Amino acid sequence: MPFTFRRLEIPDVILIKPKVFEDERGFFMETYKKSDFEKAGIKGDFVQDNHSRSKYGVLRGLHFQREPYAQAKIVRAVRGVIYDVAVDLRRNSPTFGKWVGVILSEHNKYQLYIPRGFAHGFVVLSDVAEVVYKVDNVYAPDYEGGIIWNDQEIDIDWPIDDPIVSEKDGKWPTLREAVERGWVF
Ligand SMILES: Cc1cn([C@H]2C[C@H](O)[C@@H](COP(=O)(O)OP(=O)(O)O[C@H]3O[C@H](C)C(=O)[C@H](O)[C@H]3O)O2)c(=O)[nH]c1=O
């Protein structure tokens, strides 16, 4: 089995550990296999791949696309180290407003599956990090949504106190405001 899958404290969020084949040349690993991922409950047609590079301390998030362009994501760090966070925005979920966070890195080669209905963000813990991720719906800028990264009610335990955020990311609403706007799922 080239992958192992572990459901996290929010069970719909799944940590994926690939089987890494190392030899004197370096390593090889499969990074995605539709049949194995579907057996693990990761369904969906991943139609777009994204790639971003960020320097130490950059926080990108908390982002999501609103319906009908909600996106599930399969995220990994191909360079450096990030702390990757998913927040449950599904209004009828028992874990609504709760978050999970994991270290994804070029070293552990882990991936995180984040279903539709979640906000996603990460902060960079290495000098540089490159993050690649699959999404199961195309980019729809008119439907982008966000929650402010340091929302007091969500209370994410970010490992960096004073991250670098874009002007846009500094202006997202709180979770409570997002609910009022109907931005939840
Ligand atoms: C997301 C996206 C962006 N862009 C363009 C739009 C901007 O001109 C430029 C940077 O976009 P943005 O600042 O939104 O990039 P991030 O802050 O990395 O946003 C992403 O970061 C978090 C962590 C996510 O989970 C989302 O995938 C996504 O919101 O790329 C595109 O052309 N296509 C796309 O799919």
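Order of appearance sets the numbers: ligands from 1, and atoms from 1 within every ligand. All figures in this text were calculated on a predicted structure; none of them were measured in a lab. Index from 1, following the sequence.
- Applying the salt bridge (Lys or Arg N to Asp or Glu O under 4.0 Å) test to pairs two or more places apart or on separate chains, those with a residue in residues 52-68 are R53-E130.
- With sequence neighbours left out, the salt bridge (Lys or Arg N to Asp or Glu O under 4.0 Å) criterion links R181 to no other residue.
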Enumerate, one pair per line, all nitrogen or oxygen atoms of ligand 1 lying under 3.5 Å from a protein nitrogen or oxygen, stating the separation to 0.1 Å; write 'none' if no such pair exists.
from: ligand 1; atom 1: 14 (O); to: K168; atom 2: NZ; distance (Å): 3.2
from: ligand 1; atom 1: 18 (O); to: R60; atom 2: NH1; distance (Å): 2.8
from: ligand 1; atom 1: 19 (O); to: H63; atom 2: ND1; distance (Å): 3.3
from: ligand 1; atom 1: 21 (O); to: H63; atom 2: ND1; distance (Å): 3.1
from: ligand 1; atom 1: 25 (O); to: K73; atom 2: NZ; distance (Å): 2.8
from: ligand 1; atom 1: 25 (O); to: H120; atom 2: ND1; distance (Å): 2.8
from: ligand 1; atom 1: 27 (O); to: Y133; atom 2: OH; distance (Å): 2.8
from: ligand 1; atom 1: 29 (O); to: H63; atom 2: ND1; distance (Å): 2.7
from: ligand 1; atom 1: 35 (O); to: Q48; atom 2: NE2; distance (Å): 3.1

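- With respect to the salt-bridge test (charged N to carboxylate O, under 4.0 angstrom), the residues R176 and E180 do not qualify.
- Ring geometry for Y143 versus Y69: interplanar angle of 30 to 60°, hence tilted.
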Item to complete: Kindly indicate, with the supporting measurements, whether the criterion ring-ring contact (aromatic ring centres under 6.0 Å, His included) is fulfilled by F3 and F37.
Response: CA-CA 8 Å; F3 303 92; F37 280 52; 4.9 Å; yes
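- Here E167 pairs with K171 under the salt bridge (Lys or Arg N to Asp or Glu O under 4.0 Å) rule; sequence neighbours left out.
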